[in-house]
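This report concerns only the one structure given below.
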Amino acid sequence: MSAAPAGEGRPFDVIVFGATGFTGGKTAEYLARNAPRSLRWAIAGRSKGKLEAVRARLTAIAPGVEVGVVEASVDDPVSLGRMTAQTRVVLTTVGPFIDYGEPLVVACIEQGTDYVDSTGEPFFVERLLVRHRQSAERAGVRLVSSCGFDSIPADLGVFFTVKQLPEGAPVTVAGYLKLKGTFSGGTERSAIKSLAPPKDAVKPPPPRPDGARRVRLVTGKARRVPELGGWSSPLPTIDGPIVLRSAATLDRYGPDFTYSHNVIHPSFFVMWMAFWFFGSLAVAARIPLVRNLLLAVVKKSGQGPTDEQIASSWFELSFVADSGGKTIKTRVKGGDPGYGETSKMLAESAMCLALDRAALPERAGVLTPAEAMGDLLLERLTRAGLEFSVIE
């Protein structure tokens with residue numbers, strides 16, 4: 001079903017839910033600095049006092065900016081209903097999403113409000129696909145998860161790459177990530193939660209394109225990649241499945257699409273240590289006692305890197321693509337992946353849904369960024385300074 005007009009006549013275009021947290025606060029700061037003054041937006045959370053402090057910080061950053069304040073809590077469905085009824089789009093950073101995300105999704109569907117989140121949690125996205133895709137389609141609501149560093153660089157990067165290739169031929173793309181970054185307590189908690197499936201985990205069917213088209217996600221091999229400055233190994237994050245869902249929907253990805261997602265380590269030793277560390281962590285996190293201990297020792301939600309750490313962070317996601325006898329290399333490049341660029345991606349995604357709606361693809365349901373916003377979001381992110389380029 002196509003999307004219906006969302007939130008006509010409502011007081012706000014965008015509400016940032018979780019603005020008193022680290023990622024939500026950075027996203028609100030981005031809007032204060034960069035949103036058009038015509039954008040009607042607000043910040044939301046459960047503490048009015050903390051929200052007022054955030055609003056004061058925003059007006060100090062951008063004198064004259066008008067920001068509303070809305071009280072809402074994930075454990076109060078009535079307050080979520082009031083909040084979602086006031087806006088065209090809710091942007092949420094309140095995680096771990098597997099614990100706190102679903103009530104807001106339900107409220108958005110009930111109120112006909114579009115939704116953007118920052119999640120990188122595969123079990124949460126799978127839950128949305130199984131439990132809420134059909135009801136969102138019927139309501140004409142766009143539920144767009146993973147609109148931060150997970151997974152816009154991969155999703156929009158592959159979207160950009162495919163557009164450079166001949167149409168109608170099989171496509172093979174491999175992504176290679178390099179980054180430097182420090183993460184917040186909320187991100188660390190979500191990552192730990194993602195290592196072990198919840199008791200009520202549900203698995204959606206694999207994405208199935210129409211007709212005879214085929215899409216596949218393959219696991220790359222550990223190998224030396226001197227042209228990228230290190231050793232490549234598979235990166236089993238949510239990025240690969242997000243790319244695959246986009247490929248299943250969009251015919252431009254060709255009749256036979258294959259993707260692999262990888263990370264670049266500076267040396268074989270570092271790669272081996274990463275295998276050992278993250279493999280052990282994944283096993284340990286499935287033991288409830290160990291998982292609770294890990295959650296107890298990570299940074300608290302709301303704590304994050306310093307401005308100096310953010311300023312020195314960066315990422316590059318390179319792609320090698322083959323189609324119709326043509327090979328190209330492309331790249332998505334940006335600054336701090338966790339917060340500088342994530343706040344930009346989240347804010348631009350929400351503004352795209354709110355302000356560009358008439359020109360968006362007519363889709364509703366649980367969507368990827370490329371499915372929901374495609375070229376329009378790519379244009380917004382490019383204007384905002386994220387680099388999408390053909391390098392060879």
Side-chain angles (χ1 to χ4, degrees), residues 97 117-134 136-137 142-165 167-177 194 197 201-221 232-263 317-323 328 330 332 345 349 361 363-375 377-378 388:
F97 287 86
D117 72 32
S118 59
T119 192
E121 301 172 39
F123 298 119
F124 174 69
V125 175
E126 289 171 356
R127 180 179 289 179
L128 296 191
L129 287 165
V130 171
R131 295 183 180 178
H132 302 292
R133 175 163 48 188
Q134 291 183 347
E137 288 175 351
R142 291 179 171 96
L143 303 176
V144 193
S145 282
S146 305
C147 288
F149 181 65
D150 294 314
S151 294
I152 277 183
D155 193 33
L156 270 292
V158 173
F159 179 81
F160 169 83
T161 301
V162 167
K163 287 167 65 70
Q164 317 307 314
L165 295 168
E167 293 190 51
V171 175
T172 300
V173 184
Y176 300 92
L177 176 65
S194 296
V202 288
K203 196 74 174 175
R208 299 187 185 280
D210 294 333
R213 295 180 62 239
R214 183 169 68 162
V215 296
R216 291 172 292 169
L217 182 64
V218 299
T219 302
K221 296 180 179 180
S232 167
S233 67
L235 183 61
T237 61
I238 197 174
D239 295 328
I242 292 286
V243 169
L244 208 66
R245 286 172 50 210
S246 296
T249 298
L250 305 174
D251 290 344
R252 185 63 177 81
Y253 286 60
D256 191 344
F257 175 84
T258 303
Y259 182 66
S260 65
H261 196 60
N262 310 274
V263 63
L317 181 53
S318 301
F319 301 95
V320 179
D322 297 285
S323 178
I328 64 167
T330 63
V332 182
M345 297 171 201
S349 296
R363 296 189 180 98
V366 180
L367 305 172
T368 69
E371 285 179 296
M373 295 171 276
D375 286 312
L377 182 57
L378 184 61
F388 294 82

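All heavy atoms count here, side chains included; hydrogens, waters and symmetry mates do not. The first residue in the sequence is number 1, and the count goes up from there.
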| said: Side chains of Glu371 and Thr249 only: does a donor on one sit below 3.5 Å from an acceptor on the other? | reply: yes
| query | So, Thr119 and Ser145: side-chain donor and acceptor under 3.5 Å apart, yes or no? | reply | no
| field | Donor-acceptor pair, side chain of Arg142 and main chain of Gly365, under 3.5 angstrom | value | no
| field | Test log, rule side-chain contact (heavy atoms from CB on, under 4.5 Å), inputs Phe97 and Asp117 | value | CA-CA 9 Å; Phe97 287 86; Asp117 72 32; 3.7 Å; yes
| query | Is it true that Arg245 and Asp155 make a salt bridge, defined as a side-chain N closer than 4.0 Å to a carboxylate O? | reply | no
| query | With a cut-off of 6.0 Å (strictly less than), are more than 12 heavy atoms of other residues, nucleotides or ligands near CD of Gln164? | reply | yes
| note | When every non-hydrogen atom of Leu143 is compared with those of Ala136, the smallest separation belongs to CD1-CB, 3.7 Å
| query | Side chain of Arg252, backbone of Val162: donor and acceptor closer than 3.5 Å? | reply | yes
| request: Report the relative orientation of the aromatic rings in Tyr259 and His261; use parallel for angles under 30°, tilted for 30 to 60°, perpendicular for over 60°. | output: tilted
| At their closest point, which heavy atom of Gly157 faces which heavy atom of Val332, and how far apart are they? | CA-CG2, 3.6 Å
| message | Could you check whether Arg213 pairs with Asp256 (Lys NZ or Arg NE/NH1/NH2 to Asp/Glu carboxylate O, under 4.0 Å)? | response | no
| message | Using 0.5 Å steps for rounding, measure from the CD1 atom of Ile152 to the CG atom of Leu317. | response | 12.5 Å
| said: So if I apply the salt bridge (charged side-chain N to carboxylate O under 4.0 Å, His left out) rule between Glu126 and each of Lys203, Arg133, Arg131, which one comes out positive? | reply: Lys203
